[in-house]
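Predicted model only: the values in this text are computed from it and were never measured. In each ligand, atom 1 is the first atom listed, and ligand 1 is the first ligand listed.
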Amino acid sequence: MKVVITESYEKLSRMAADIIAGAVKEKPDCVLGLATGSSPVGTYRELIRKYKNGETDFSRVKTVNLDEYVGLAPDHPQSYRYFMDRNLFDSINIDKANTRVPDGLAADTAAFCEEYDAYIASLGGIDVQLLGIGVDGHIGFNEPGDCFIAGTHVAELDDSTIEANSRFFESRRDVPRTAITMGMKSILCAKKIVLIASGENKKNVLLEALHGDVTPKVPASVLQLHPDVTVIYSDKI
Ligand code: GLP
């Protein structure tokens, strides 16, 4: 595992974007696993800049997102589909048909989850997976628990996650209680993983994930088992 400490969020974002753009250059039809939240906003801004100055061509790239709130429609301003469109897809030359975000409105969630895993497998897996980390150590919405869950599944959100994410909603009451998340198998099968985190409030959980026991109580600790993980951290947000 490579751990990089940077002095600013901007630098963190540039480094993450460089890794992703490098993968696209090497393999123009690569599969990117993408994340939402505050952490990747700067990375996406950089990728948009790279597209606009002709450095990066996304025309053949495919993307799969980690997660989506159950019950939010794609045009809901807090849905992760809406986030991805506004923060990245609408500003680069990606074919939207090649972008997948779990369907928060799926009528049969179990069938949807199976189909999502089958889709990722049909692409040959993920080349580069971008991750943030929750204050409770979650990746995607794989919340702390008694076991790691392999497949895409519906997760009950932790109180700490609901609290942390309530900053995006009008009130805590409006935060969905469940979400569809990619499981650990698709994440760990990614050829390369880039985890970005910024701010003092992520420091302790990150240290625990990187240096503590590998345990489902700290879901990100599973990354210790992966052969190609780059962690980029800045205490500035
Ligand atoms: C959300 C997302 C995660 C994300 C995490 C951290 O709950 N499901 O994928 O990594 O929270 O978010 P942020 O970057 O806003 O701190």
Check your understanding: Do the charged groups of Lys11 and Glu7 touch, with an N to O distance under 4.0 Å?
Key -> yes

Check your understanding: Can Asp228 and Lys2 be counted as an ion pair, charged N to O under 4.0 angstrom?
Key -> no

Check your understanding: Around ligand 1, what residues show up once you keep those with a heavy atom under 4.0 Å from it?
Key -> Thr36, Gly37, Ser38, Ser39, Asp67, Tyr80, Gly132, Ile133, His138, Gly140, Phe141, Asn165, Arg167, Lys202

Check your understanding: Is Asp90 paired with Arg86 through a side-chain N to carboxylate O contact shorter than 4.0 Å?
Key -> yes

Extract all donor-acceptor atom pairs below 3.5 Å that involve side chains of residues 157-172 and protein atoms in other chains or at least two apart in sequence.
residue : atom : partner : partner atom : Å
Thr161  : OG1  : Asp136  : OD2          : 3.2
Thr161  : OG1  : His138  : ND1          : 3.2
Thr161  : OG1  : Glu143  : OE1          : 3.3
Thr161  : OG1  : Glu143  : OE2          : 2.6
Glu163  : OE1  : Arg172  : NE           : 2.6
Asn165  : ND2  : Tyr69   : OH           : 3.0
Ser166  : OG   : Glu163  : O            : 2.6
Arg167  : NH1  : Ala164  : O            : 2.8
Arg167  : NH2  : Ser38   : OG           : 2.6
Ser171  : OG   : Arg173  : N            : 3.3
Ser171  : OG   : Asp174  : OD2          : 3.4
Arg172  : NH2  : Asp159  : O            : 3.4

Review point. Could you give all pairs that pass the salt bridge (charged side-chain N to carboxylate O under 4.0 Å, His left out) test and reach residues 32-44, with sequence neighbours left out?
Key: none

Check your understanding: For Asn53, which residues count as a side chain to side chain donor-acceptor pair (under 3.5 Å) partner, sequence neighbours excluded?
Key -> Glu55

